[in-house]
Novice: 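To start, I am sharing the structure in question, which I have written as structure tokens.
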Amino acid sequence: MTEYDPRKAEEKWQRKWLEDKVFEVRADDSRPKYFANTPYPYVNGFLHLGQAVTNLHPEIMSRYKRMKGFNVLFPYAFHCTGMPIVAAARRIKEGEPRQIELMKSTGIPEEQIPLFADENYWVKYFPAEARKDITRFGLCTDWSRTFITTSANPHYDKFVRWQFTRLKELGYVRLGEHPVVWCPKDQTVVGDHDRISGEGETPSEFTLLKFELEGKYLLAATLRPETVYGQTNLWLDPEVEYVEADVDGETWIINEQCAEKLKEQKHEVNIIGKVKGREMIGKSVIAPAIHRPIPILPTRFIDQGKGTGIVTSVPSDAPDDWVALKVLQEDKEECKKYGLNVEELRAIEPIPIIITKGWGPLPAVEIVDKMGIKSLEEKEKLLKAKEDVYKAGFYDGIMRENCDEFSGMPVIRAKDVIKEKMIEEGEASTLYEPSGDVVCRCLTPSIVKIVSDQWFLAYGDDEWKSQVHECLDDMTLYPEISRKQFDYVIDWLTDWACTHHFGLGTRLPWDEKWVIESLSDSTIYMAYYTISHVLQQLDPEKITDEVFDFLFKNIGTSSEVAAKTGIPEDALVEMRREFEYWYPFDLRHSAKDLIQNHLTFALFSHVAIFDRKYWPRGYGINGYITVREEKMSKSLGNVRTLRDALNQLGADVTRITLAQGGEGLDDPSFDPGFALTIGRKLKQWYSFATEKHETREEWHPIDSWFRSVMNKSVKETEEAMEQMNHRTALKICYFDLQREWQWYLRRTSNTPNSKLLEDFVKTETKLLSPFVPHLCEEIWEALGKEGYISRASYPESKAEEIDRVAERSEEFLKSNLEDIREILKVTKIVPKKIVLYLSPDWKNKVYLWAIQLAKSQDLSMKTIMEKASADDELKEKTKVISQFAGKVVKDMQRMSSANLEKFGNLVDEKGYLSESVELLKTQFSCDVEICDAEDESRYDPKSKAKFAMPWRPAIFVE
RNA sequence: GCGAGGGUAGCCAAGACUGGUCAAAGGCGACAGACUCAAGAUCUGUUCCAGAAGUGGUCCCGGGGUUCAAAUCCUCGCCCUCGCACCA
């Protein structure tokens with residue numbers, strides 16, 4: 001017996017596939033094509049299991065389709081565009097310990113780490129490493145078409161430039177304004193990867209309220225403009241020196257930081273003076289919207305880093321304001337210090353403005369009481385209180401009768417309308433702040449800048465959207481259930497900022513100071529795969545827009561373009577042929593996080609640039625991988641690389657473990673325990689498939705049964721494969737079919753029919769080969785088969801070999817076994833003798849009548865007894881018949897039509913059981929007798945025989 | 001809050017669209033038996049409760065409903081996951 005060595009076999013077949021160019025494919029009009037692909041990975045590290053599982057599904061599909069006779073293209077490339085690599089390289093250069101530690105932990109030798117200070121090194125290193133891993137994973141990749149992105153690949157660079165030029169001509173690339181998180185010191189955008197803290201924070205919009213004071217305005221920032229109707233006072237920090245600034249022609253009083261921010265947000269700002277907070281305490285200002293005078297009161301709890309340093313006070317709905325007010329009202333000394341009139345101050349009461357289900361008129365007062373908050377020092381409690389009140393008020397609240405024309409309006413709507421109105425009337429403005437504190441790598445707190453010459457892809461364009469919907473409507477989605485999500489995203493998308501100042505990538509053709517952003521340069525590159533093997537060999541200088549116009553839009557002729565560009569005409573013809581043959585792609589498969597950006601962006605670009613016949617045909621989606629029930633993520637520190645898995649388990653085991661981890665949108669789980677078991681089972685399959693077995697030539701009824709089961713299995717596997725339900729497919733073609741085979745072996749006393757054995761080994765190996773191709777190639781070779789199993793034809797289910805009678809008969813036998821076992825278990829009898837009494841003919845007759853009647857919905861005691869008394873043979877026994885019929889009628893009434901069909905076809909119970917009596921004897925190690933229930937000579941000491949009925953012989957055990 | 005997907009036995013997970021052989025597939029784990037000097041592997045069986053006869057009881061997040069019949073359909077509620085973007 002030869003032991004299967006996965007390591008050796010996997011290397012061997014990967015080498016042979018490469019040498020024989022098994023997966024290197026070219027256009028071939030004599031064969032139907034299938035083009036599958038998967039988003040190229042971003043190469044700032046080694047591939048992890050999440051990417052592996054995402055790549056594996058289209059890989060399995062590709063192998064399956066190849067066996068179904070398709071010419072299959074499954075290419076692979078690498079994404080280098082964007083900021084993370086640049087940022088990481090910079091960190092290495094600066095010797096940042098965290099980054100260096102990260103590199104070490106992924107397995108980069110320490111002495112090599114300095115090389116990564118150069119961003120170009122990443123772009124060389126990781127694609128090469130990823131390619132090794134992908135090859136070792138056994139993917140059927142056509143490497144002749146691989147490439148990297150960015151200007152480091154001048155050919156691809158030309159392609160992206162063409163794409164953007166065309167999009168701009170179509171009017172889909174537009175100039176606009178856009179708020180970004182910005183470092184005032186570095187004067188740059190602060191991307192997530194450039195932050196010390198504040199990852200994920202984005203610009204959010206505050207309303208700036210104007211409070212008039214002697215012809216000048218004090219400005220207060222708020223996120224809840226709708227609460228202006230509840231304003232009772234204004235808060236100032238007496239110790240802070242505010243500035244007077246000329247802003248767009250008005251005089252504003254704000255803090256200095258705010259003045260700086262406003263300068264970046266399209267305001268004309270000139271500081272003209274300073275004013276101490278203390279000087280303004282006690283004065284009255286006219287509040288916006290309500291146009292009432294309210295007093296300026298002191299507090300020390302204003303975060304000067306946010307907003308203007310001045311805060312409006314709404315004690316009814318803002319817990320902070322209520323607590324601050326209460327504290328001040330009770331602090332006589334503080335009042336004295338600022339010369340405040342205590343009586344007037346104490347007269348200030350919160351004003352109810354929002355009606356919220358489940359809350360009283362003053363939610364802030366209510367929650368502060370409930371939580372027992374006494375001071376502004378209790379920051380955590382206040383935060384929670386604020387959150388609760390805000391959530392309830394914002395989503396469920398309705399504006400009270402004292403809110404002008406907004407009375408009765410839901411808060412969720414009123415917020416925007418009130419804001420708009422105040423801005424319109426010159427009572428308010430806007431200010432952007434990061435949604436949370438963001439600190440740039442240079443340690444400067446970030447602000448928000450409004451960039452005004454930002455380029456956008458106009459994904460908000462309604463006409464464009466409707467075309468994308470049309471495209472989606474014609475696509476196949478795996479699983480179909482993801483369609484709603486796509487439709488939602490298409491509608492929800494707005495214009496996308498598609499250029500950046502920094503990062504790797506392609507420069508915007510008409511404005512070279514911009515680099516095309518990384519999600520925007522990767523929307524139609526699947527078309528690039530069709531031509532890259534030829535294009536990448538050309539002189540990039542010669543690749544002009546006309547070339548792509550010709551290849552993808554069929555503009556001009558090959559000779560014209562050749563003459564104009566100096567590119568050999570046959571290369572152009574070849575590329576055009578490849579594109580026409582392969583495009584559109586049939587399947588693009590990705591994890592679900594790309595639904596709301598990349599996958600949908602790709603649809604937009606396709607409908608804009610390509611003719612309808614080249615629009616995408618199919619998308620596949622999978623969930624996020626979990627390892628031991630934990631979501632795999634950097635923050636959990638449980639990221640497993642593909643390389644580790646391959647080293648530990650080998651390719652086939654990694655593949656099958658991932659494939660059976662889950663399907664559809666569910667998060668697949670990587671189960672190391674399963675990996676261990678399946679590894680042994682696969683070796684066993686190799687041994688079984690390649691060893692000699694004792695067989696026989698003659699054909700037995702049980703052979704028909706297994707052949708039938710196998711055919712059904714092939715059919716069902718195929719159905720699951722077509723739906724990309726790989727887990728289901730594996731269950732059917734491997735776990736279930738193997739179990740059936742075990743049963744078959746028992747039924748044949750380990751002597752299978754030789755032809756059937758051969759057929760089973762061949763079929764099972766083929767069915768498994770998309771999942772574990774190396775093992776299957778090795779078996780294929782050991783069996784002496786020609787060529788590669790990767791190119792062999794998929795098994796076909798033969799309708800004429802499906803034998804329902806054989807299957808029903810075997811089921812009948814199995815149910816007898818189960819019944820006997822059950823009896824033995826309950827009675828704890830160790831059997832010496834088992835007797836099976838078969839249903840008499842008259843019961844069969846009545847049973848079948850009942851089924852007929854049930855099918856025609858006409859079954860009742862009455863109808864069935866009428867039939868019995870009309871029957872010559874049965875009319876004598878109406879008494880026993882009525883007893884039996886009572887039970888039958890009850891059973892049948894709750895039978896599904898499928899079961900009526902199934903049980904309506906009786907099998908030859910006696911014949912089948914008699915043939916199988918040896919099995920029963922060995923199974924229970926005792927004597928087994930089969931007789932007719934009404935045979936006079938039967939052995940029936942406990943009078944069990946009378947319980948016999950069709951499908952359920954009576955059983956006696958002693 | 002909005003959008004999407006979910007909640008099934010010790011765990012993972014089918015079933016739900018199309019109600020009925022559904023006490024509910026399969027995998028993992030656990031237990032028992034066979035094989036073995038032994039362990040492992042493998043094979044066989046058991047794995048909601050009760051049971052000396054193939055049965056009965058309870059059951060699919062919780063409440064209510066429709067139906068001869070509900071894990072499945074309707075309704076109300078609770079809970080979980082993901083997304084809500086300017087970027088990989």
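Every chain is numbered from 1, with letters handed out A, B, ... down the list of sequences.
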Novice: A:Y624 has an atom OH; how far is it from atom C1' of B:C12, in whole Å?
Specialist: 21 Å
Novice: For the side chain of A:Y488, counting heavy atoms from C-beta on, which of B:G3, B:G26, B:G5 is nearest?
Specialist: B:G3
Novice: Centres of the A:F46 and A:F126 rings: under 6.0 Å?
Specialist: yes
Novice: For A:L493, answer base if it contacts any base atom (sugar-phosphate contacts may also be present), sugar-phosphate if it contacts only those atoms, and nothing otherwise; contact means non-hydrogen atoms under 4.0 Å.
Specialist: base
Novice: Check step by step if side-chain contact (heavy atoms from CB on, under 4.5 Å) holds for A:R655 and A:V653.
Specialist: CA-CA 5 Å; A:R655 291 168 64 111; A:V653 170; over 6 Å; no
Novice: Which base sits across from B:A88 as a Watson-Crick or G-U pair, both distances under 3.5 Å?
Specialist: none
Novice: Given atom CG of A:D666 and atom P of B:U8, what is their separation to the nearest angstrom?
Specialist: 12 Å
Novice: Under a 3.5 Å cut-off for both contacts, is B:G54 paired Watson-Crick or G-U wobble with anything, and if yes, with which nucleotide?
Specialist: none
Novice: What's the CD1-C1' distance between A:I823 and B:A53, to the nearest Å?
Specialist: 5 Å
Novice: Tell me whether the side-chain N/O atoms of A:K484 come closer than 4.0 Å to OP1 or OP2 in B:G5.
Specialist: yes
Novice: Between B:C60 and B:C48, how far is it from one C1' atom to the other, in whole Å?
Specialist: 12 Å
Novice: Out of B:U42, B:A88, B:G54, which nucleotide sits closest to the side chain of A:M83?
Specialist: B:A88
Novice: Should the pair A:Y525 and A:Y40 be assigned to parallel (<30°), tilted (30 to 60°) or perpendicular (>60°) ring geometry?
Specialist: parallel
Novice: A:D491 has an atom CG; how far is it from atom C1' of B:C2, in whole Å?
Specialist: 14 Å
Novice: Which nucleotide in the set B:G83, B:U42, B:C86 lies at the smallest distance from any side-chain heavy atom of A:H178?
Specialist: B:C86
Novice: Counting heavy atoms from C-beta on, name the nucleotide in B:A52, B:G54, B:A85 closest to the side chain of A:W496.
Specialist: B:A85
Novice: When the C1' atoms of B:C31 and B:U21 are considered, how many whole Å apart are they?
Specialist: 29 Å
Novice: Considering only the C1' atoms, how many Å lie between B:U47 and B:A23, rounded to the nearest integer?
Specialist: 13 Å
Novice: Measure the acute angle between the ring planes of A:H501 and A:W514, then classify it against the limits of 30° and 60° as parallel, tilted or perpendicular.
Specialist: tilted
Novice: Students often mix this up, so state it plainly: with edges at 30° and 60°, are the rings of A:Y744 and A:W741 parallel, tilted or perpendicular?
Specialist: tilted
Novice: Counting side-chain heavy atoms from C-beta on, which of B:U21, B:G27, B:A52 comes nearest to A:Y847?
Specialist: B:U21
Novice: Between A:W496 and A:F601, is the ring pair (Phe, Tyr, Trp, His ring centres under 6.0 Å) condition met? List the steps.
Specialist: CA-CA 10 Å; A:W496 176 266; A:F601 291 6; 4.8 Å; yes
Novice: Within this structure, what is the NZ-to-C1' distance between A:K683 and B:U42, rounded to whole angstrom?
Specialist: 15 Å
Novice: Could you tell me whether A:K712 and A:E807 have a side-chain N and a carboxylate O separated by less than 4.0 Å?
Specialist: yes
Novice: Paired with B:U66: which nucleotide, if any, by Watson-Crick or G-U wobble criteria at under 3.5 Å for both distances?
Specialist: none
Novice: Can you tell me the base-pairing partner of B:U36? Count Watson-Crick or G-U wobble geometry only, both distances below 3.5 Å, and say none if there is no partner.
Specialist: none
Novice: OP1 or OP2 of B:A88 sitting under 4.0 Å from any side-chain N/O of A:S518?
Specialist: yes
Novice: For the side chain of A:N597 and the base of B:A88, is some donor closer than 3.5 Å to an acceptor across the two?
Specialist: yes
Novice: Using the C1' atom as the reference point in each nucleotide, state the distance between B:A25 and B:C79 in Å, no decimals.
Specialist: 27 Å
Novice: With under 30° as parallel and over 60° as perpendicular, where do the rings of A:Y939 and A:F956 fit, or are they tilted in between?
Specialist: perpendicular
Novice: From NZ of A:K731 over to P of B:C28, roughly how many Å is that when rounded to an integer?
Specialist: 13 Å
Novice: Given the structure, check if the side chain of A:K592 and the base of B:A4 hold any donor-acceptor pair shorter than 3.5 Å.
Specialist: no
Novice: Please state the C1' separation for the pair B:G27 and B:A14 - nearest whole angstrom.
Specialist: 11 Å
Novice: With a 4.0 Å cutoff (strictly under), does any side-chain N or O of A:H500 reach OP1 or OP2 of B:C87?
Specialist: yes
Novice: For each nucleotide in nucleotides 43-48 of chain B, reading 5' to 3', give B when a protein heavy atom comes within less than 4.0 Å of its base, S when such contact involves only the sugar-phosphate, and - otherwise.
Specialist: -SS-S-
Novice: If you round to the nearest 0.5 Å, how far is CG of A:L737 from OG of A:S713?
Specialist: 4.0 Å
Novice: Just compare B:A53, B:C86, B:A25 and give me whichever is closest to any side-chain atom of A:T494.
Specialist: B:C86
Novice: Check whether NZ of the Lys or CZ of the Arg A:K465 lies under 6.0 Å from the centre of the six-membered ring of A:Y459 and within 45 degrees of that ring's axis.
Specialist: no
Novice: Base, sugar-phosphate or nothing for A:K902? Non-hydrogen atoms, less than 4.0 Å.
Specialist: nothing
Novice: Considering only heavy atoms and no angle criterion, is a donor-acceptor pair shorter than 3.5 Å present between the side chain of A:T81 and the base of B:A88?
Specialist: no
Novice: Please measure how far the P atom in B:G15 lies from the corresponding atom in B:G26, and state the result in whole Å.
Specialist: 15 Å
Novice: Strictly by Watson-Crick or wobble contacts shorter than 3.5 Å, is anything paired with B:U81, and which nucleotide is it?
Specialist: B:A4
Novice: Are more than 12 heavy atoms, taken from residues, nucleotides or ligands other than A:K942, located less than 6.0 Å from that residue's NZ atom?
Specialist: no
Novice: I need the residues from residues 949-958 of chain A with at least one non-hydrogen atom less than 4.0 Å from RNA chain B; give them sorted by number, or say none.
Specialist: A:R952, A:P953, A:A954, A:I955, A:F956, A:V957
Novice: I need the CG-P distance between A:L477 and B:A4, as an integer number of Å.
Specialist: 16 Å
Novice: In the strands shown, is B:G45 matched to any nucleotide by a Watson-Crick or G-U wobble pair with both distances under 3.5 Å, and which?
Specialist: B:C31
Novice: Report the distance from atom CD of A:Q485 to atom P of B:C84, rounded to the nearest whole Å.
Specialist: 11 Å
Novice: Would you mind checking if A:K484 and A:D487 are paired as a salt bridge, meaning a charged N to carboxylate O distance below 4.0 Å?
Specialist: no
Novice: In whole Å, measure the gap between the P atoms of B:G77 and B:A85 for me.
Specialist: 28 Å
Novice: Step through the shown structure and confirm whether more than 12 heavy atoms of other residues, nucleotides or ligands are within 6.0 Å of CZ on A:R821.
Specialist: yes
Novice: Partner lookup for B:A23, please. Criteria are Watson-Crick or G-U wobble with both distances under 3.5 angstrom; report none if nothing qualifies.
Specialist: none
Novice: How far, in whole Å, is B:C12 from B:G6 if one measures between their C1' atoms?
Specialist: 15 Å
